[in-house]
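A short write-up of the structure that comes next.
The sequence lines fix the lettering, A, B, ..., with proteins before strands; numbering per chain opens at 1.
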Amino acid sequence: MNAPDHNPSNNETTPTSGGGRLANFIDEVVEQDLSSHKHGGKIVTRFPPEPNGYLHIGHAKSICLNFGTALKHHGVCHLRMDDTNPTKEEQHYIDMIQRDVRWLGFDWSEHEYHASDYFDALYDWATKLIEAGRAYVCDLPPEEVSKSRGTLTTPGRESPFRGRTAQENLDLFTRMRNGEFPDGSRTLRAKIDMAAPNLNLRDPVMYRILHAKHPRTGDKWAIYPMYDWAHGQSDWIEGVTHSICTLEFEDHKPLYEWYIDQLQAIGVQPQRAISKAGPYRPRQYEFARLNLTYTVMSKRKLLELVRDKHVHGWDDPRMPTISGMRRRGYPPSAIRGFCDGIGVARRENTLDISRLQFHVREELNKTAPRRMAVLDPLRVVITNYPEGQTDELDAVNNPENPAAGSRKVPFARELFIEREDFMEDPPRKFFRLAPGREVRLRYAYFITCQEVVKDASGGIQQLNCTYDPATRGGDAPDGRKVKATLHWVSAEHALDAEVRLYDHLFTKEDPEDQPEGKTYLDVLNPDSLKVVTHAKTEPSAANTSVGEVLQFERLGYFALDPDSDTAAKKPVFNRTVTLKDTWAKVQAKAGD
RNA sequence: UGGGGAUUGGUGUAAUGGUAGCACGACUGACUCUGGAUCAGUUAGUAUAGGUUCGAAUCCUAUAUCCCCAGCCA
């Protein structure tokens, strides 16, 4: 995780600080506040998800930013559920959000909060604003509120209920709370300015009537606060110093300020974590959300993909969700490395998905045990190898990490190699097996292709090869070289496995950029999942635990899926990411 | 035709009036029992037009383009 090793006095040459995390404009603000001793030198941030869906990689950016900023400057970061809309929120989502934040490697310790913890305080303060003449109960139905708000270019009209007395407002508001009125019949509105050019200031709704059961407060409330009324006050109550959100909330900042101004004007000042540093108020800062190529990132769209079964759930390995990536085999450190490496700024950005894959490979290359597996088996018979004989060869578990040791791999007369590792009539740059050509079988022997056996329709059925016993282990004593090394498994010892190969969920870099009448659903990739039902793995692949990621040599990284039947030795592997494939590039170039 | 933001190589991100840098990608080459990894190198950028200044990505003026806002969502 990000080590808080920032040293402001002598880092003039480095653009990064704090465990490789890029310094950003928020760090600058924080450092200024720290040096001016604002907030008594305390830093408090918060990650405020709404529990109406699963966390995705965009949230990971926010999590790394909020927790990372706190960590780096010796502050704390709260986890706060923004649970003000019980019609969309569920306990299940709360649980999954907590699991995902923990899995990512962040710890909020005792700082777990909910906006709903503050419903009483919020209600109390709302009555104070009513008494101060800054809020009123409005009887306009939703359509009328919408109509009277005006448009982007024309001012709104004042509600006919704007002039009610405080007494009347208090009475109505109490009855709203008591559940006397049906949903949608009334709202509590802030009295600001119906002609404000910023639409958020045109008498925004503070409370709406919702006869809904809340995951935490149950049936206690018939009214629920809106985001603007709940969020800033929650920050304030918790002593949050730097309230970091995304760009679309920029227009809400004047309202965020207005509420706190009004409350301060009537003498409200919550108990808070900040110690005797003078009057304190939180400040909002906005950054640009993360976009990724070949995917969508809005919870609404992700929910739609799940609900309409375009994917197999929130944790489908094709989803950009944290849980999908976990299942796919992305290590949390890779996701953190990605988030820390992309920087934080205020301009719109779209990161190439390959950038995330870079971090995944970087991490897995260092940590994933190597195994051999063949996805598309082609039978090879070593004609000069004795029938019935078996040999055990030493194979290195991870060339990047000698401490990972080695294992034994069985070798026999009949083997499988990858079908695409043989070509009968190879082009110039194809180094692998071909008639008459000698290659190395990884950790085993040099073999030479002597004969191609075909079936009736001309398909290649089997290769008859000879091996050189002197090359046992993979080295030729006479020093002769070979251009290629192939992975292989022994046919009789191989384990059957299901392997799921994933590709982009969408065929377009920007799935949302569609012509009139089309949507992102029209560019779903029909080949985003390919299932190989009878892949062959070396026997030791059976000793893999769910979630563990292996490198199948020359193929890529593969994570053992929870669908695996480990008792029946029927593993299911998700391809996390391929290895970088220079040959594929050569082929693509030759192709056109 | 309202308000708020943004614009630096293909993609991200630095440079806060003083040498436009870093990462990813792409391309070379070296090395290699993974066409992986590693190592070395190359490539390519300040939206446009004026102005201020010894000096401008940075300051000023205009223009262009893109994003956000009219939920009783967050």
Could you tell me whether A:F249 contacts a base, only the sugar-phosphate backbone, or nothing, with contacts defined as non-hydrogen atoms closer than 4.0 Å?
-> base

Is the cationic atom of A:K253 (NZ for Lys, CZ for Arg) positioned less than 6.0 Å from the six-membered ring centroid of A:Y285 and within 45 degrees of its normal?
-> yes

Tell me whether the OP1 or OP2 atom of B:A70 has a side-chain N or O from A:K147 closer than 4.0 Å.
-> no

Is A:T293 near enough to B:U11 that one of its side-chain N or O atoms lies under 4.0 angstrom from OP1 or OP2?
-> no

At under 4.0 Å between heavy atoms, what does A:I342 touch on the DNA or RNA strands: base, sugar-phosphate, or nothing?
-> sugar-phosphate

Quick one: does NZ or CZ of A:R177 land under 6.0 Å from the six-membered ring centre of A:Y123, within 45 degrees of the ring axis?
-> yes

Below 4.0 Å: OP1/OP2 of B:C73 and any side-chain N or O of A:R208 | yes

Can a side chain N or O of A:R355 be found less than 4.0 Å away from OP1 or OP2 on B:G12?
-> no

Answer yes or no: side-chain N or O of A:Q551 and base N or O of B:U34 forming a donor-acceptor pair under 3.5 Å.
-> yes

From the options B:U34, B:C73, B:G3, select the nucleotide whose nearest atom is closest to the side chain of A:M226.
-> B:C73

NA contact type, A:D82, heavy-atom cut-off 4.0 Å: base, sugar-phosphate, or nothing?
-> sugar-phosphate

Lys/Arg cation over aromatic A:Y136: A:R189, 6.0 Å, 45° cone | no

Kindly state whether the ring of A:H231 and the ring of A:Y227 have centres lying under 6.0 angstrom apart.
-> yes

Looking at A:R149, does any N or O in its side chain come under 4.0 Å of the phosphate oxygens OP1/OP2 on B:C72?
-> yes

Determine the contact category for A:T582: base if any of its heavy atoms lies under 4.0 Å from a base atom, sugar-phosphate if only primed atoms, P, OP1 or OP2 are that close, otherwise nothing.
-> sugar-phosphate

From the list B:G71, B:G12, B:G25, which nucleotide is the closest neighbour of the side chain of A:K580?
-> B:G25

Per atom distances to the A:E50 side chain, the nearest of B:C73, B:C67, B:A26 is B:C73

Would you indicate whether A:R480, at its atom CZ, is surrounded by more than 12 heavy atoms from other residues, nucleotides or ligands within a distance under 6.0 Å?
-> yes

Without hydrogens or angle criteria, can the side chains of A:E304 and A:Y520 be said to hold a donor-acceptor pair below 3.5 Å?
-> yes

Start at the 5' end of RNA chain B and walk down; is the nucleotide closest to A:P197 or to A:P141 reached first?
-> A:P197

5'-most by nearest nucleotide on RNA chain B - A:N349 or A:S185 = A:N349

Using a cut-off of 4.0 Å on non-hydrogen atoms, how would the nucleic acid contact of A:R347 be classed: base, sugar-phosphate, or nothing?
-> base

Could you check whether A:Y443 gets within reach of a base, just the sugar-phosphate, or nothing at all, counting any heavy atom under 4.0 Å?
-> base

Under 4.0 angstrom between A:T84 side-chain N/O and B:A74 OP1 or OP2 | yes

Counting side-chain heavy atoms from CB outward, which of B:G35, B:A15, B:A70 is closest to A:L152?
-> B:A70

Per the atom types in the model, does the base of B:A74 pair as donor or acceptor with the side chain of A:H252 at under 3.5 Å?
-> yes

Is the glycosidic angle of B:G71 within 90° of 0, making it syn, or outside that range, making it anti?
-> syn

When you check the phosphate oxygens OP1 and OP2 of B:G35, does a side-chain N or O of A:R554 lie under 4.0 Å from one of them?
-> yes

To the side chain of A:E89, which of B:G35, B:G3, B:A74 is closest?
-> B:A74

Verify the contact: side-chain N or O of A:K585 to OP1 or OP2 of B:A26, cut-off strictly under 4.0 Å; return yes or no.
-> yes

Assign A:T154 to base, sugar-phosphate, or nothing according to its heavy-atom contacts below 4.0 angstrom with the strands shown.
-> nothing

Using a cut-off of strictly less than 4.0 Å, decide whether A:T350 has a side-chain nitrogen or oxygen near OP1 or OP2 of B:U11.
-> no

